[in-house]
There are 2 protein chains.
Amino acid sequence: MARTAYHHGDLQQQVHDQALAVVREHGDSAISLRALAKQIGVSAPALYRHFADRESLLAELAISGFEALRQRLLQVKHTPPRQALIGIGLAYVRFAQDEPNLYRLMFGGQVLPRGFHPRLDDAGKAAFQVLEDTVERARHSGYLKPMPLALMTATAWSLVHGLSQLTIDGHLPNADAEPHLAEGITSLLLEGAIADTNRATDNNEDSP
Amino acid sequence: MARTAYHHGDLQQQVHDQALAVVREHGDSAISLRALAKQIGVSAPALYRHFADRESLLAELAISGFEALRQRLLQVKHTPPRQALIGIGLAYVRFAQDEPNLYRLMFGGQVLPRGFHPRLDDAGKAAFQVLEDTVERARHSGYLKPMPLALMTATAWSLVHGLSQLTIDGHLPNADAEPHLAEGITSLLLEGAIADTNRATDNNEDSP
DNA sequence: GCTATAAGTTAACGGTGTTAACATTGGCAT
DNA sequence: ATGCCAATGTTAACACCGTTAACTTATAGC
């Protein structure tokens, strides 16, 4: 795998890295196969040896994004239910705010429709699974009401995803003025999900 | 303004309508100025007399979308707080499900960034205002806890927006199996937002 | 060493948004 | 009624884009 003109042995990885950098900085619409090839110093059709088409390359980048998100969520400690739930919600939103362009690609339903890139679908589910596990632990411990797990996780995901999208797109102008918005929102949802037994103690925890 | 070859007097509206139809059916990425011009029977640069560029045309379509969404939300009756809140949440999600491609354009932060099309920003705020008014009414009536209005509306909007996006992009596979998912999610959030005084009576209302 | 194949090359097709330069028309003021 | 101006079209051209076909080169395995 010598570094000759042909077979320089690293094209796939190099394209992936370069494209990921472009997406993170300028968004997926800034990805041009021809421009990428020129930057790397290779002809444009060479990329087709490693990616079926532009969309497949974008799918690979989105997979990287979901894996990065999953790693972030996995780092949230298994603290008592309330902190764990709020912690994972905040970690989710923070990821979106740290990587807005990547996050938009991951959930860009138009540019990357589900069902066409199995590994992408799997990567998304794997990230979601971490969130679901956290909810399940809280529910199993009796902290949450015994509602259907699917309902609870769908609610949690909707909330953090919606908040992420709205903030990174500038729809919530006072997001800067309210740095604790994410925490407040998560807590507000929790108020409706916790079992009545835990209601009194929790409120005391919040405002010491 | 006769219908001669030149000055056929209706180009702006015609382009708008045709483009809107394309977006609704195939999404914003399917919009091609050249193709639009050809369909209408006019040269491509003619469109630039009425739209600064492709993005400006898309912005106009998104404005139409926000106005349609606003009309939907305005049609929700001013029933007692709980029904009004759930009703407007369901109306919001239903709009997104009825017009997924249009909805994606309206909230496509990459293709239509905020701050570049003032009328678009205004249209978005006007739609959001309807949701905020409903929350404010419920809060003023004492049905909701006396929390900051911005926090409550941000939470509500995040939830319905997140749910909309996740369902239309196919991230919640059991959305079909759970037709009452939207209602359940909205109710779950409400559980944490209603004042304690109303808690008992409400639960009785829900399951008759 | 020969050969199959993986991994590059150039040339070309059809498409895109956009601009420049030019042509035609309709409405308004004289 | 006429003449002019601004609005609104036209064609030609530029610089891109994704993608395919046909060809060339180097590597790995027998």
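Computed from heavy atoms alone, side chains included, the values below leave out hydrogens, waters and symmetry copies. Below, chain A is the first sequence line, B the second, and so on; all start at residue 1.
The residue from A:Arg104, A:Arg24, A:Arg72 that alone fulfils the salt bridge (Lys or Arg N to Asp or Glu O under 4.0 Å) condition with A:Glu99 is A:Arg24.
Here C:dG17 presents its P atom at 13 Å from CG of B:Asp28, a figure rounded to the nearest Å. Atoms CG (A:Leu36) and C1' (D:dC17) sit 13 Å apart, rounded to a whole Å. Counting to the nearest Å, the P atom of C:dG17 and the CZ atom of B:Phe51 are 14 Å from each other. If you measure from atom CG of A:Leu33 to atom P of D:dT19, you get 6 Å, rounded to the nearest angstrom. The separation between B:Arg54 atom CZ and C:dG17 atom P is 6 Å, rounded to whole Å. Note: CG (B:Leu47) to C1' (C:dT19) measures 14 Å, nearest angstrom. Going from atom NZ of A:Lys38 over to atom P of C:dT9 covers 13 Å, rounded to whole Å. Atom CG in B:Leu11 sits roughly 5 Å away from atom P in D:dG9 (whole-Å rounding).
Candidate nucleotides D:dT10, C:dT18, D:dG18 were compared by shortest atom distance to the side chain of A:Ser32, and D:dG18 ranks first. The side chain of B:His50 approaches D:dG9 more closely than any other nucleotide in the set C:dG8, D:dG9, D:dT19. Nearest nucleotide to the side chain of A:Arg34, out of C:dG8, C:dG17, D:dT19: D:dT19. With D:dA21, C:dT18, C:dG8 as the choices, the nucleotide that has an atom nearest any side-chain atom of A:Pro45 turns out to be D:dA21. Nearest nucleotide to the B:Arg49 side chain, out of D:dT20, C:dA21, C:dT16: C:dA21. Comparing atom distances between the A:Ala35 side chain and each of C:dG8, D:dC17, C:dT18 picks out D:dC17 as nearest.
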Side-chain donor-acceptor pairs under 3.5 Å in residues 28-38 of chain B, sequence neighbours left out?
unit_1: B:Ser29; atom_1: OG; unit_2: A:Gln110; atom_2: NE2; d: 3.1
unit_1: B:Ser32; atom_1: OG; unit_2: B:Arg34; atom_2: N; d: 3.4
unit_1: B:Ser32; atom_1: OG; unit_2: B:Ala35; atom_2: N; d: 3.0

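The shortest distance between side-chain heavy atoms of B:Glu55 and B:Val111 does not fall below 4.5 Å.
Rounded to the nearest 0.5 angstrom, B:Asp121 CG and B:Ile63 CD1 are separated by 9.0 Å.
If you check every strand for non-hydrogen atoms under 4.0 Å, A:Ile31 touches sugar and phosphate atoms only.
Residues satisfying the side-chain contact (heavy atoms from CB on, under 4.5 Å) test with B:Pro45, not counting sequence neighbours, are B:Ser43.
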